[in-house]
Amino acid sequence: MYKIGENYKYIFDSNGLNGASQRRPESDPSKYADIVRKYHKDFTDDEVKKCLHMLRTEGCGYAALVNTVFLRFFGEEEQFQKIFGYPMYTSDGKLNFDDLLVDFYCATDNHYGLFGFDLVDKKEDEKYEKGYGTTLESSEWRFETYMKKHGVSVDVRQ
């Protein structure tokens, strides 16, 4: 069994830094293009950049939820990779927050639940240059849906 309190000290420094950041992926769009295109197959390079820009402007809730995944799976690197398809650590030994963040965002952004169905509002971001983030309800739906698709049962509580 894991202990989030014990794992916390391995994920964050004394200032609470080094967790997931919605800002990092936008600085290197080509690095994340394959992940974005896993969900948006026809995206051009400019559309990938726009997607990562939207993540930067509305992704703080996504980043917080990704942090909880790393807290939960700390010390279970093989299980993490088996479940999510990404190594838990980058080639330089840092926790791989960014791949999981981009994957989670692209898999669930603009999704909402209605009577247990996962629906997508394709026009949610159309009218915005900057995203408006997630509500408590959308965060709960998106995270539980994403984790369920990966075979992990979670119960997000507000």
Side-chain angles (χ1 to χ4, degrees), residues 2-5 7-29 31-40 43 47-74 76 80 83-86 88-90 94-158:
Y2 62 93
K3 302 242 187 267
I4 287 181
N7 291 352
Y8 188 86
K9 63 186 172 191
Y10 300 107
I11 305 298
F12 304 102
D13 65 19
S14 61
N15 297 314
L17 304 174
N18 296 325
S21 168
Q22 73 268 21
R23 295 179 179 274
R24 281 191 302 258
E26 185 182 28
S27 67
D28 193 358
K31 182 176 179 181
Y32 303 99
D34 287 344
I35 298 171
V36 173
R37 289 186 178 118
K38 184 168 123 179
Y39 300 98
H40 308 287
F43 268 23
E47 289 170 316
V48 168
K49 288 177 186 175
K50 182 178 179 187
C51 176
L52 296 176
H53 172 74
M54 290 301 283
L55 169 60
R56 181 180 65 79
T57 67
E58 69 180 357
C60 59
Y62 294 92
L65 290 165
V66 164
N67 288 338
T68 66
V69 173
F70 280 85
L71 288 169
R72 163 56 184 90
F73 285 96
F74 189 81
E76 299 179 31
F80 179 95
I83 290 170
F84 298 106
Y86 304 99
M88 192 167 199
Y89 291 91
T90 63
K94 295 180 181 176
L95 287 165
N96 191 9
F97 293 106
D98 298 337
D99 283 0
L100 189 64
L101 175 61
V102 173
D103 191 74
F104 172 40
Y105 177 77
C106 290
T108 64
D109 185 45
N110 304 335
H111 287 235
Y112 65 98
L114 184 65
F115 302 117
F117 292 97
D118 184 32
L119 304 174
V120 180
D121 179 358
K122 293 183 180 189
K123 296 184 180 197
E124 182 178 291
D125 292 333
E126 255 180 28
K127 54 189 169 268
Y128 302 103
E129 187 164 315
K130 294 180 179 179
Y132 62 87
T134 56
T135 64
L136 292 174
E137 293 80 15
S138 66
S139 293
E140 179 179 350
W141 177 260
R142 292 170 186 180
F143 190 62
E144 287 180 358
T145 300
Y146 181 77
M147 296 300 282
K148 182 178 181 180
K149 287 180 181 177
H150 287 84
V152 179
S153 177
V154 297
D155 182 13
V156 176
R157 299 184 185 198
Q158 301 176 22

Quick check for you: to the nearest 0.5 Å, what is the distance between [X] atom [atom1] and [Y] atom [atom2]?
X	Y	atom1	atom2	result
F73	M88	CZ	CE	8.0 Å
L95	F70	CG	CZ	6.0 Å
H40	C51	NE2	SG	5.0 Å
N96	Y89	CG	OH	10.5 Å
K50	E26	NZ	CD	12.5 Å
E76	F74	CD	CZ	10.5 Å

At their closest point, which heavy atom of [X] faces which heavy atom of [Y], and how far apart are they?
X	Y	result
L52	P25	CD1-O, 3.6 Å
F43	E47	CA-OE1, 3.2 Å
S21	D98	O-OD1, 4.1 Å
L65	S139	CD1-O, 3.9 Å
Q22	A63	OE1-CB, 4.1 Å
V66	F97	CG1-O, 4.0 Å

Is a side-chain donor or acceptor of [X] paired with a backbone partner of [Y] at a separation under 3.5 angstrom?
X	Y	answer
E144	V156	yes
S27	R24	yes
N67	A20	yes

key: Step-by-step ring-ring contact (aromatic ring centres under 6.0 Å, His included) determination, F143 to F104   = CA-CA 8 Å; F143 190 62; F104 172 40; 5.7 Å; yes
message = I'd like to know whether CG of D28 has more than 12 heavy-atom contacts from other residues, nucleotides or ligands below 6.0 angstrom.
response = yes
task = Kindly check if the number of other-residue, nucleotide or ligand heavy atoms within 6.0 Å of NZ (K38) is above 12?
result = yes
request  = Determine whether the side chains of D103 and Y39 contain a donor N or O and an acceptor N or O closer than 3.5 Å.
outcome  = yes
task = Could you verify whether a donor N or O on one side chain and an acceptor N or O on the other, from R142 and Y105, lie under 3.5 Å apart?
result = no
request  = Test side chain to side chain contact (heavy atoms under 4.5 Å, CB included) on V154 and Y146 and set out the steps.
outcome  = CA-CA 10 Å; V154 297; Y146 181 77; over 6 Å; no
key: Intermediate values then yes/no, side chain to side chain contact (heavy atoms under 4.5 Å, CB included), M147 and V69   = CA-CA 9 Å; M147 296 300 282; V69 173; 4.1 Å; yes
request  = Would you sort out whether T108 and W141 count as a side chain to side chain contact (heavy atoms under 4.5 Å, CB included), showing the intermediate values?
outcome  = CA-CA 9 Å; T108 64; W141 177 260; over 6 Å; no
task = For the pair F80 and F84, evaluate ring-ring contact (aromatic ring centres under 6.0 Å, His included) and give the outcome as yes or no after the intermediate values.
result = CA-CA 6 Å; F80 179 95; F84 298 106; 5.0 Å; yes
